[in-house]
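Presented below is the structure to which this report refers.
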Amino acid sequence: MSEKDILVFAEHKGQSIIDATYEIISKICEVKNEDDKVGILLLGSTVDDSYIERLFRCGANTLLHYNDKLLNEYNLDRYSYVITEFIHHNKPSVLLFTATDIGMELAPKVAARLKTGLTAHITDLYFDENHNLVQQVPGFGGNLLVNIICPDKRPQLITFKPGVFEIKENCNNTKNIVSLSSPSFIPQNRIKLINSYVITESDQNEEEIFKKDIIISGGWGMKNCGDFELINKLAEKLNTAVCGTRPAYDEGWIPENRVIGQSGINVAPKIFISIGASGAMHYTTGFSGAKKVIAINKDKSAPIFEYCDLGIVADIEVFLSKLAVGMK
Amino acid sequence: MNIIVLVKQIPDSEYFSKLQLDPVKHSLIREGIPAVINPADKCAIELAISLKKHHSFKVIAVSMGPEATKNSLKEAIAMGCDEAILITGKEFAGADTLATSYALSQAIIKIHSYSMVIAGNVALDGSTGQTPIQVGEFLDIPSITNINSLSYHKVDNTADISRIFRGVEQHMKVVEMPFLVTVSQNFNKPHLPSVMDIIKASKKDIVTWGIRDINADKNQCGIKGSPTETISTTIYKNEREKVVIIGADKDAVKIFVDNIKKWLIV
């Protein structure tokens, strides 16, 4: 690799690579200089060929592959060790991660080990004339946009929130794969995993929600109209995912990975429909990236009407019942 | 043994929408914005206190920040922490997560004897969630993020921990002390300290440590030790259309459906 090269950590799940990885590759290829090369770092031997081919269609130049079954299962200590060793030997200029459960713990650990800069879940980026990535991040609940650079240290590390950038498969790069052998020493796991079991249905998978065109989200206002039943029915009809506010989680209406906002996830669907939520700051920041927002609430002075494109002031139960009839 | 809790004081998130930038210096105007303990850090304090009740740990809250951070540390003591340490001094100003983590870990190294470090998973102001993991790396101790339960076993000095990670519930055993965990704002419901506890805490001294106390390298602290640099800050502009209609009649239903159809195609 040369000192201007860009490296993307590919996050795999079993045989697949998650969409968020392709989103990063698509975005970085859009903003990079023509001569910058994009390498993909993949650990483990489980990923299917079709997912590897897709990397090149999105703009990857080289796949750097630790094809080692010891690395099939993600482990923080091991992965951070292998990645850091790779960086020490190859010195890329940029290293990009998904801001997923994995990326959000792996990226800071790697950054601390390399003593370099890391910017979390950026919403936009471009290169300046010194090959610094200018990274835009929301701060203070999305009320401020901060531009950050990492001028002196390399690599520059960044995490990307899933669902923010589009996947573009318009390259026909040659499939160039370099097999790497794992470092002779791989650290032992310091934490013993006793057992683990899948608790969520497939449609509640971590990344599934970011693929939806419409997301419906409910708040405390559903309390007096049959909890989330009406929302779930509407969601079924529109084939959307259901999310909610923190109070909705406290009521047990949604799982924790469906809480929108500062203490949860950020989503950017085509249409975000908020029902029965007053619109506290820590909630509205979670859908600031949505193309359009529809809010339904009975209190016309609720702040949510400042954060929507279409607001409907109505009794929720009445409106949703009429909507159910109207949409038949 | 000690439990260390990392605490960050932040501007109250209810006031985030009222934040203004200084037109000349482009820095944040914090006047008139109340400061609070970051919500997830309160959950970390609550967890530490519940472990203390059952296992006679001593809980030490550690924070880095200006003198005014003492207010939050007094609140931490009122909640039940036994001691609080503030890392403060001009050398620490302007630190990004790397420089912050370095300073916090130097303080923890000075405390020397501890079983675990507990932190909130993310602070609402910067929302990076990087600091705890980086502290764990500097200390070279195992770290587990976003746990949803922790039980400590005194008999063999181990802990059982569970968390939901990528849609999978993981059950883990930590056999090596110390270790670091983070908890989210949804982990527990922190209690409000009593008036008596607040009065007692207000009289308690907060220990302050400067750069020499924690034996830190000044080139790794504050702005000097921060690889990232903020080059500009702007206020987010709300560009929503804000068309509001009143009433749940047929027209409202039609507008709702028509807009969904229109916006889905774009």
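Proteins come first, then strands; the chains are lettered A, B, ... in the order of their sequence lines, and each starts at number 1. Because only heavy atoms are used, hydrogens play no part in the values below, and waters and symmetry mates are left out as well, while side chains stay in.
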Check: Which bit of B/D160 comes within less than 4.5 Å of chain A, counting heavy atoms only: side chain, backbone, both or neither?
Finding: side chain
Next item on the list: Would you indicate whether the side-chain heavy atoms of B/V257 and A/L323 approach each other to under 4.5 Å?
Entry: yes
Next item on the list: Can you tell which part of A/V134 gets under 4.5 Å to a heavy atom of chain B, answering side chain, backbone, both or neither?
Entry: side chain
Next item on the list: Compare all side-chain heavy atoms of A/P108 with those of B/E137 and state whether any distance is below 4.5 angstrom.
Entry: no
Item checked: Test: B/R163 and A/E105 ion pair at under 4.0 Å -> yes
Check: How are the rings of B/F256 and A/F319 set to each other: parallel, tilted or perpendicular (split at 30° and 60°)?
Finding: perpendicular
Margin query: I want to check something: taking the side chain as every heavy atom from C-beta on, are A/Y197 and B/V168 in contact at a cut-off of under 4.5 Å?
Written below: no
Checklist line | Under 4.5 Å from a heavy atom of chain B, the part of A/I149 involved | finding: both
Notebook entry, point to check: If you count heavy-atom pairs under 4.5 Å with chain A, which of B/Q170, B/Q134, B/K254 comes out on top?
Noted result: B/Q134
Next item on the list: Specify which of A/A295, A/P269, A/C150, A/A280 makes the most heavy-atom pairs with chain B at under 4.5 Å.
Entry: A/C150
Notebook entry, point to check: Non-hydrogen atoms of chain A under 4.5 Å away: do they reach the side chain of B/I231, the backbone, both or neither?
Noted result: both
Check: So which part of B/I260 gets closer than 4.5 Å to some heavy atom of chain A, the side chain, the backbone, both or neither?
Finding: both
Check: Which region of A/L106, side chain (C-beta onward) or backbone (N, CA, C, O), has a non-hydrogen atom less than 4.5 Å from a non-hydrogen atom of chain B, or is it both or neither?
Finding: neither
Next item on the list: Might you work through the side chain to side chain contact (heavy atoms under 4.5 Å, CB included) test for B/V244 and A/V313, ending with a clear yes or no?
Entry: CA-CA 7 Å; B/V244 177; A/V313 182; 3.6 Å; yes
Next item on the list: Evaluate salt bridge (charged side-chain N to carboxylate O under 4.0 Å, His left out) for B/R240 paired with A/E306, printing each intermediate quantity in order.
Entry: CA-CA 8 Å; B/R240 297 276 173 215; A/E306 288 294 309; over 6 Å; no
Item checked: Distance in Å, A/C308 SG paired with B/E241 CD, rounded so as to fall on 0.5 Å steps -> 9.5 Å
Notebook entry, point to check: By a 4.5 Å heavy-atom criterion (distance strictly below it), what part of B/N238 contacts chain A: side chain, backbone, both, or neither?
Noted result: side chain
Item checked: Rounded distance (nearest 0.5 Å) linking atom CD1 of A/I294 with atom CD1 of B/I255 -> 11.0 Å
Checklist line | Test log, rule side chain to side chain contact (heavy atoms under 4.5 Å, CB included), inputs B/T97 and A/L118 | finding: CA-CA 8 Å; B/T97 62; A/L118 167 63; 5.5 Å; no
Check: chain A: which of B/I141, B/V122, B/V174 shares the most heavy-atom pairs with it under 4.5 Å?
Finding: B/I141
Next item on the list: Could you tell me whether the side chain of A/K292 reaches within less than 4.5 Å of the side chain of B/W263, counting heavy atoms only?
Entry: yes
Next item on the list: Evaluate whether atom NZ of B/K242 has more than 12 neighbouring non-hydrogen atoms of other residues, nucleotides or ligands under 6.0 angstrom away.
Entry: yes
Item checked: Top of A/K291, A/K115, A/K153 for chain B proximity - count of heavy-atom pairs under 4.5 angstrom -> A/K115
Item checked: Stepwise side chain to side chain contact (heavy atoms under 4.5 Å, CB included) check, B/M172 with A/I194 -> CA-CA 5 Å; B/M172 292 166 276; A/I194 298 165; 5.8 Å; no
Note to self: Less than 4.5 Å to any heavy atom of chain A: does that hold for the side chain of B/P39, its backbone, both, or neither?
What the structure shows: neither
Check: Between CD1 of A/I148 and CG of B/D96, what distance do you get to the nearest 0.5 Å?
Finding: 8.5 Å
Checklist line | Interface moiety of B/T234 toward chain A, non-hydrogen atoms closer than 4.5 Å | finding: both
Item checked: Which atom of B/A248 lies closest to which atom of A/A314, heavy atoms considered -> CB-CB, 3.6 Å
Item checked: Side chain to side chain, B/Q185 and A/R246, heavy atoms closer than 4.5 Å -> yes
Margin query: With a 4.0 Å cut-off on N to O distance, would you call B/D140 and A/R190 a salt bridge?
Written below: yes
Notebook entry, point to check: Between B/T145, B/I144, B/I133, which is the residue that forms a side chain to side chain contact (heavy atoms under 4.5 Å, CB included) with A/L76?
Noted result: B/I133
Notebook entry, point to check: So with a 6.0 Å cut-off around OH of B/Y15, is the heavy-atom count from everything else above 12?
Noted result: no
Check: Taking side chain as C-beta onward, heavy atoms only, is A/N147 less than 4.5 Å from B/T230?
Finding: no
Notebook entry, point to check: How long is the span from the NZ atom in B/K173 to the CG atom in A/N195, to the nearest 0.5 Å?
Noted result: 11.5 Å
Check: Mind checking whether A/D309 and B/V243 have side chains closer than 4.5 Å, heavy atoms only?
Finding: no
Check: Using a distance-only test with no angle check, is there a side-chain donor-acceptor pair under 3.5 angstrom linking B/T228 and A/Q135?
Finding: no
Next item on the list: Could you tell me the separation between the CD1 atom of A/I312 and the CG atom of B/N259, rounded to the nearest 0.5 Å?
Entry: 8.5 Å
Check: So does B/R166 pair up with A/D101, basic N to acidic O under 4.0 Å?
Finding: no
Next item on the list: Heavy-atom pairs under 4.5 Å with chain B are the metric here; pick the option from A/V110, A/I214, A/D77 that has the most.
Entry: A/I214
Note to self: Just so I understand: if I count every heavy-atom pair under 4.5 Å between each of A/V318, A/I191, A/T119, A/V146 and chain B, which residue has the most?
What the structure shows: A/I191
Notebook entry, point to check: For the residue pair A/A120 and B/Q130, what are the closest heavy atoms and their distance?
Noted result: CB-OE1, 3.3 Å
Next item on the list: Output, in order, the C-alpha distance, side-chain angles, deciding distance and verdict of salt bridge (charged side-chain N to carboxylate O under 4.0 Å, His left out) for B/K189 and A/D250.
Entry: CA-CA 10 Å; B/K189 296 233 180 290; A/D250 290 339; 3.7 Å; yes
Check: Is chain B contacted by the side chain of A/I273, its backbone, both, or neither, given a heavy-atom distance below 4.5 Å?
Finding: side chain
Check: How many angstroms lie between CD1 in B/I161 and CG in A/L193, if you round to the nearest 0.5 Å?
Finding: 12.0 Å
